[in-house]
Amino acid sequence: MTKRRFSSAEAVAGMALLLATTVTSARQDPATATAPRVIEVVAKKFAFEPARLEVVDGERIRLQVTSADGVHGLQIKKFGVNKVIPRDGTPVTIDFVASRPGTYEILCSEECGEGHESMTGSLVVVAKPKTK
Ligand code: CUA
């Protein structure tokens, strides 16, 4: 007769799994259970390419951002986005939900040279088409 006792590591792993499952299921209502829309963005002196991103209200967005030259940043204040884009071209993944229609400024948040202040783009979140 063996009484198996869970080690504390197993207990922690179990809890983490449970927690992760709970969080995931809470977030994944059918409307958002689809894969995110992936948009590749290049940051360079002194622009974002494309400069204008258009998405639909409620969409999960995944930006894959690379720098073509030096260090830049990509900030969208409305959605709490602010990431440094390194100079080595490593893609930076930025996930957020475009949870409100409107036009929002995309800013470079790292001092990158003379054109830094003018390095902007826009995120346009259009209202969901009505389905009836
Ligand atoms: Cu790019 Cu500041």
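Each ligand, and each atom within it, is numbered from 1 in the order the structure gives. Small disclaimer: the values here were computed from a predicted structure and weren't measured.
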Q: Output the rest of the hydrophobic cluster of V71: all Ile, Leu, Val, Met, Phe, Trp and Tyr residues reachable through side-chain heavy-atom contacts under 4.5 Å, sorted by chain and number.
A: V84
Q.
Using 0.5 Å steps for rounding, measure from the CD atom of Q64 to the CG atom of D95.
A. 8.0 Å
Can I get a per-line list of side-chain donor-acceptor pairs under 3.5 Å for residues 38-46, giving both atom names and the distance, sequence neighbours left out?
unit_1: K44; atom_1: NZ; unit_2: E49; atom_2: OE2; d: 2.6
unit_1: K45; atom_1: NZ; unit_2: C112; atom_2: O; d: 3.2

Q) Which pairs with one or both residues in residues 97-112 pass side-chain hydrogen bond (donor to acceptor under 3.5 Å, both in side chains), sequence neighbours excluded? A) N82-S109
**Q.** Near atom 2 (Cu) of ligand 1 (under 2.8 Å) - protein N, O or S atoms
**A.** C108 SG, E110 O, C112 SG, H116 ND1
Q. Got a second to check how far L74's CG is from M119's CE, nearest 0.5 Å?
A. 7.5 Å
Q: Measure the spacing between CG of L63 and CD1 of I85 and express it to the nearest 0.5 Å.
A: 9.0 Å
